[in-house]
Every structure is written in C-alpha cells, then in structure tokens.
Protein chains: 2
Amino acid sequence: MQRTRTAILDAAARLLSCRPDAAIAEIADEAGVGRATLYRHFPTRESLQQGVAEVGIAEIVDAFEAAGLDELPADRAIARITAVVMRNGAKYAAVISQTSAELCDPADLDRATKPLREVVDRGIRDGVLRDDLRGETMFMMFAAVLERALFLTIGDQMTPEEATEVALAIFLDGARNPVATRRIG
Amino acid sequence: MQRTRTAILDAAARLLSCRPDAAIAEIADEAGVGRATLYRHFPTRESLQQGVAEVGIAEIVDAFEAAGLDELPADRAIARITAVVMRNGAKYAAVISQTSAELCDPADLDRATKPLREVVDRGIRDGVLRDDLRGETMFMMFAAVLERALFLTIGDQMTPEEATEVALAIFLDGARNPVATRRIG
DNA sequence: CCGTCATGAGACACGCATGTCTCATGACGG
DNA sequence: CCGTCATGAGACATGCGTGTCTCATGACGG
C-alpha cells in the first residue's frame, strides 16, 4: 500500500521532471499500477503534483539540514550544497519543471531555497563572495547553474560528481583563466 | 496581412515563452485576432511554434552576425554575446521554453548556438578561458546563465543592462571575492 | 457600385486527458 | 473457507483544446 504510493511518486517525479505535461496514464504505467489505483492514492492530477513537490522538497531540505552548512565557510558551504543537490535533487527537479508555482506551498519552496540564500548572504557579509552584486541576484545565478547541472545528471549527460565539479568551478571561480589574469595583472 | 501575421508571432512568442502550453485561443486574443484568422496564417499549433522558433532564431542569429564577435578576444566576445541575447532574445526565449526540440529545425538551433560554442572554444584555445573544463560543458553553463538572465528580463525583474552585467560577472569571474583570494594567495 | 480579400464570430466535430465507477481477482488474515 | 482490502481493466462522462468551416462584415481598389 505504502509501496504503491511510493512507486507512484517516484514514477511521477521521473516523468514530470522531463515532461511536466506527462499524462496520468503514462505515470501509472511507469509506476506499474492501474490508472484507477493512481487516482485512489492521488484523487487529482494536482494532488499528485503536490505530493511530488512535498517529497522532492523534503528530500532536499533534509539533505541540507544534514549537511552542516553553518559550520563551513561560505565557499565550502556552496560546494556542499552543490554536491547535495546533484545527489539528492532528482525529485526536486520535478518541482523545478512545474510551470506553476502554485502547485507547491510557497513556504515549502522557501524551505528549499533558504539555505542557498543564507549561505550566499553570509558569503557576501564575510567577504568570501563579491559584494558588488546583490545577494538575491547571486542566488538566482547560483540556482540557474545548479538547476542546469542537475538536469544534466538526470539526463545522464554527467555523473553527479562531474556536475558538482563543473557547477562549482563556474559559479565560484568563473570561466576566465586565472593564469591569463595574473599575467595581465 | 503581414501585420496580422507579425502580431500573431509576437503574441505567441510572448505567451509561449512563459507558458509553453498556452492555448491557441489565448494567443489569438493576445494578438487581437480571431482564432480562425490565426489558423489561416498558421494551420496548426505546430506551424505556429515553428514560426516563432524561426523568427526567434533568425533575430538572435542576425544580431550575432552583426556583432563582430570574431574580431574580439573571447572574453569581450562573451560580453557582446551576453548583451545581444539580453536585448534581442525575447522571442528566442519561446524557443528555450518549448519542451520539444523537434519543433525547430536542428540546423537552426545550431546556427543560434554555434557562435557561443565557437567563442568558448576559441577562448579555451587562446588561454583566455580555463582549460580544465571541456568546451561543451562550459558552453552549457554559459547557456544556463544566459537563459536565466534572459528570463529575468522578460519577467521585468531586471533590465537588459543589469542582466548583462550579472550574467557576465558570474560566468566570467565567478562569485568568489577576488580580494579575499588575493589575501590568502 | 461591385468584386475581392481579410477577418471575426460562432458552430461543429473530434480526440484526448481527467475523473468516476463497477466488477472481478488475488492476497492475506482469522 | 470467508471476509476484507487493494488492485487492474474497462467503460462511461465530461471538458477542453485543436482543427474545420460558414456566413456576414468591412476595407479597398477599379
């Protein structure tokens, strides 16, 4: 019974992250259950999407909480966040893919993004990160890089480790060749 | 007649960039035309989407061609690309939002992304960009940053100038505070 | 004025996704 | 064995989006 529910949520997350408009019938197939069964567990499409969002967010939030971000300098915390997202973010990807933010509780979304914002703000305050860009702006760019990297792992274009390395390299240090900069400076 | 067609394409680009599943009736309303008129110009939803993609790609490709990228060092060319996308990419955003890549000619998509790949590859070769990441990977991160910045302009969260500045700062030089690095080094 | 063309409104057909429900079946526990 | 529960398959209803088409109207040029 719980196993069926979990199978449905897993299948929904897999399909909805790549195709937000995947049909209920497809999700039921992917889960290996009948359509009627899916509706018995999730009476509407919306409740299924909310279920996926809750699980996806809970997983990422739990992983952040276990990550001890507050005990690390901001750049190290950013590295940890990146690794966590690449390893635990598969269901969260479905949340990203959902076109309508109303499908998940705004408070929940805040819980998922708050650690990122806090680390970015702390980094700016502590002088670890540049302070010529607003924290909110920097958070948005961080999210963009993370999300793209996450989808590259989901599409099997990269391992989580590769994606972590790439996202960190670009977000923290940028594309410019530091050796070239040193030569000029 | 041509004015109607253009109005439809403009409206479609506006709606489809934010909501790829916007209904034809909505697009017709947004364009200020009847639904039957829309179908007279674009006989299927797919042909409308293809029309939007063609226009969006043509605009960005034309802007890249006019930008003289080859005459600039890679980092300056990246800056120029970024500015061009922020100013000319509104319709191209609808291409990005389309979930199915089949809706536009792969050759066209190549035309739009080729300048970015070439500049990245050139930058790595010339030592302007770091060479510890593959060119393809760096291109993907560049695209992620550009696309997010573009959507921030479309959503009126930033001006094209602000978005250009932010995207460049993060992509080229990263979030790390160079002063802090210097202190340690 | 007439003919042509582009257009809007509205009606219709169709397919598909969502949601609802029934019936039969299998698994399980008492 | 019987009762209960979870489930799958299938049928049905509904709504909505896509596509098709007709008719009336207005604009324009000859």
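Numbered from 1 within each chain, the chains take letters A, B, ... in sequence-line order. Computed from a predicted model, the values in this text were never measured in an experiment.
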| request: May I ask you to evaluate whether B:Thr4 reaches the phosphate of C:dT7, defined as a side-chain N or O under 4.0 Å from OP1 or OP2? | output: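 Yes, such a contact exists.
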| If only side-chain N and O atoms of A:His41 are considered, is one of them under 4.0 Å from the OP1 or OP2 phosphate oxygen of D:dT7? |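 Looking at the OP1 and OP2 atoms of D:dT7, one of them is under 4.0 Å from a side-chain N or O of A:His41.
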| said: Are the side chains of B:Leu129 and B:Leu172 in contact, using a 4.5 Å heavy-atom criterion? | reply: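 B:Leu172 vs B:Leu129: side chains touch.
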| request: State yes or no: do A:Ile57 and A:Ile8 share one hydrophobic cluster built from I, L, V, M, F, W and Y residues joined by side-chain heavy-atom distances below 4.5 Å, directly or via other members? | output: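 A:Ile57 and A:Ile8: separate clusters.
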| remark: Counting primed atoms, P, OP1 and OP2 as sugar-phosphate and everything else as base, the B/S/- map of nucleotides 18-23 of chain D against protein heavy atoms under 4.0 Å is BBBBB-
| field | N/O donor-acceptor pair under 3.5 Å between A:Glu26 side chain and A:Ala23 backbone | value |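 Pair found, side chain donor or acceptor close to backbone of A:Ala23.
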| query | Short question: side chain of B:Ser97, backbone of B:Ser17 - any donor-acceptor pair under 3.5 Å? | reply |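 Yes: the side chain of B:Ser97 pairs with the backbone of B:Ser17.
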| field | Partners passing salt bridge (charged side-chain N to carboxylate O under 4.0 Å, His left out) against B:Arg125 (at least two apart in sequence or in another chain) | value |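 Expected list: none.
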Could you tell me how far apart [X] ([atom1]) and [N] ([atom2]) are, to the nearest whole angstrom?
{"X": "A:Ile8", "N": "D:dA6", "atom1": "CD1", "atom2": "C1'", "result": "11 Å"}
{"X": "B:Ile27", "N": "C:dG8", "atom1": "CD1", "atom2": "P", "result": "15 Å"}
{"X": "B:Leu38", "N": "D:dG17", "atom1": "CG", "atom2": "P", "result": "15 Å"}
{"X": "A:Phe42", "N": "C:dT18", "atom1": "CZ", "atom2": "P", "result": "15 Å"}

| request: May I ask which nucleotide in the shown strands pairs with C:dT7, Watson-Crick or G-U wobble, both distances under 3.5 Å? | output: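 When the pairing criteria are applied, D:dA24 turns out to be the nucleotide that pairs with C:dT7.
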| query | Who is the Watson-Crick or G-U wobble partner of C:dG29, with both distances under 3.5 Å? | reply |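 Its partner is D:dC2 (Watson-Crick or G-U wobble, both distances under 3.5 Å).
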| Test: B:Asp10 and B:Lys91 ion pair at under 4.0 Å |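 So B:Asp10 pairs with B:Lys91 through a salt bridge.
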